[in-house]
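So the structure is just underneath, and the comments pick up after that.
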Amino acid sequence: MLILLAVLLLPYLLAPFYRSGHPVSTLMAWRWLKGAPVSRQWIDFSAISPALPRSVVASEDAKFCSHRGIDWDALRDVIDDAEDGEVTRGGSTITQQVAKNLFLWPGRSVVRKGLEIPLAMWIDLVLGKQRILEIYLNIAELGPSGQFGAEAGATYAFGRSASTLAPREAALLAAILPNPARRSARNPGPGVRRLAGTYMARAQASALKRCWSENRGF
């Protein structure tokens, strides 16, 4: 019992230490253990083209600036869909994805979701929005063969740094989330191009611009 309690509490003890440093995801660590390729070059938030975090928020978590780790409206929609037998969306915020990627495991599971929700709220409290977004942009899988993070993803897709991405390129990277093995920013199909156009428009919407301004440009 004490061992189980220690395992459950460990992420809460570790999370404040992630205010600095270059953390890796559990998926990255698992690939290393298996001998699979992993490419990740950390890039500080201030160096990333502003178009990329805006596009990612527009695609993954439109209420990122206002919620406290959990988008309860989106979560209720997921529960309603599940009760109807039609789970059509993930409902996870960027903060939840950071919690999962740093401390938990992939796949859909009621147990994992139950662990993820309070942990995401704790991470939002102790790390803050900009740091959460910086970590996410450096651990998200953004390529088909072990490319993790914005820098590796941009280099693979466009042959350039994430610091120099144009809005269209940033939107294409956002459009391949969460499945870069099946979607390509390097050779985008019609569906990816259509999503990229949608995310570009959302990134320029007044609500997201206000979010950026209120949070000092992140």
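Starting from 1, each residue takes its place in the sequence as its number.
- Distance CG/Leu14 to CG/Leu9: 11.0 Å, rounded to 0.5 Å.
- When all heavy atoms of Ala58 and Ala203 are compared, the pair lying nearest together is CB-N, 3.9 Å.
- At least one donor-acceptor pair closer than 3.5 Å links the side chain of Thr93 to the backbone N or O of Gly69.
- Looking at heavy atoms from C-beta onward, Ser49 lies out of side-chain contact with Thr164 at the 4.5 angstrom threshold.
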**Report entry** Candidate pair Ser66 and Arg68, rule side chain to side chain contact (heavy atoms under 4.5 Å, CB included), full reasoning
**Finding:** CA-CA 7 Å; Ser66 58; Arg68 291 294 174 262; 5.9 Å; no
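- Looking at Pro180 and Leu142, their side chains never come closer than 4.5 Å, going by heavy atoms from C-beta outward.
- Here the CD1 atom belonging to Ile94 is positioned 13.0 Å from the CD1 atom belonging to Ile123, to the nearest 0.5 angstrom.
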Query raised in the report: Run the side chain to side chain contact (heavy atoms under 4.5 Å, CB included) check on Leu172 and Tyr199 step by step: do they pass?
Result: CA-CA 9 Å; Leu172 284 169; Tyr199 298 152; over 6 Å; no
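- A donor-acceptor contact shorter than 3.5 Å is absent between the side chain of Arg54 and the backbone of Gln204.
- Residues Asp61 and His67 have side chains in contact (heavy-atom distance under 4.5 Å, counting atoms from C-beta outward).
- Within 6.0 Å of atom CH2 in Trp30, 12 or fewer heavy atoms from other residues, nucleotides or ligands are found, so the atom counts as exposed in its surroundings.
- Two different hydrophobic clusters hold Tyr156 and Trp42 under the rule that ILVMFWY side chains link at heavy-atom gaps under 4.5 Å.
- Partner Ile70 forms a side-chain contact (heavy atoms from CB on, under 4.5 Å) with one of Glu116, Gln96, Lys63 and no other, that one being Gln96.
- Across all their heavy atoms, Leu127 and Ala15 have their closest contact at CD2-O, 3.3 Å.
- For the pair Asp44 (side chain) and Ser46 (backbone), a donor-acceptor distance under 3.5 Å is absent.
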Report task. Could you give me the CA-CA distance, side-chain angles and deciding distance for Val38 and Phe148, then say whether side chain to side chain contact (heavy atoms under 4.5 Å, CB included) is met? Result -> CA-CA 7 Å; Val38 174; Phe148 289 85; 4.1 Å; yes
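- If you take CG on Asp124 and CG on Leu119, they are separated by 11.5 Å, rounding to the nearest 0.5 Å.
- Considering only residues two or more places apart in sequence or on other chains, Tyr18 meets the side-chain hydrogen bond (donor to acceptor under 3.5 Å, both in side chains) condition with none of them.
- Residues Ser39 and Ala152 approach most closely at O-CB, 3.4 Å, considering heavy atoms.
- Met200 and Phe158 fall into different hydrophobic clusters, where Ile, Leu, Val, Met, Phe, Trp and Tyr are joined by side-chain heavy atoms under 4.5 Å apart, directly or via other members.
- Side-chain contact between Tyr136 and Leu177 is present, with at least one heavy-atom pair separated by less than 4.5 Å.
- Within 6.0 Å of the CG atom in Leu13, the count of heavy atoms belonging to other residues, nucleotides or ligands exceeds 12.
- For residues 148-176, the set of pairs meeting the salt bridge (charged side-chain N to carboxylate O under 4.0 Å, His left out) definition, not counting sequence neighbours, comprises Arg160-Glu169.
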Report task. May I have the step-by-step check of side chain to side chain contact (heavy atoms under 4.5 Å, CB included) for Gln147 and Arg40, ending in yes or no? Result -> CA-CA 6 Å; Gln147 290 84 12; Arg40 198 282 291 270; over 6 Å; no
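- Here the CD1-OG1 distance, from Ile135 to Thr95, works out to 10.0 Å after rounding to the nearest 0.5 Å.
- Here the rule is side-chain hydrogen bond (donor to acceptor under 3.5 Å, both in side chains) with Ser92, and of Gln97, Lys100, Lys113 only Lys113 fits it.
- Contact detail for Leu115 and Leu8: the closest heavy-atom pair is CD2-CD2, 3.7 Å.
- Atoms OG and CG, from Ser25 and Leu104 in turn, are 12.0 Å apart once rounded to the nearest 0.5 Å.
- To the nearest 0.5 angstrom, Ile132 atom CD1 is 6.0 Å from Lys129 atom NZ.
- Taking each heavy atom of Ser161 and Ala154 in turn, the nearest pair found is C-CB, 4.1 Å.
- Listed for the Asp71 side chain is no donor-acceptor partner under 3.5 Å among the backbone atoms of Phe64.
- The two residues Leu173 and Ala185 have their closest heavy-atom pair at CD2-CB, 4.0 Å.
- Side-chain atoms of Glu60 and Ser55, non-hydrogen and from C-beta on, never get closer than 4.5 Å to each other.
- Pro11 has its side chain out of reach of Trp122: every pair of non-hydrogen atoms, C-beta onward, lies at least 4.5 Å apart.
- The hydrophobic cluster containing Leu195 does not contain Val56, counting ILVMFWY residues as joined when their side-chain heavy atoms lie under 4.5 angstrom apart, directly or transitively.
- A heavy-atom distance below 4.5 Å is not found between the side chains of Ser184 and Ile176.
- Using a 4.5 Å heavy-atom threshold, the side chains of Phe17 and Pro23 count as separate.
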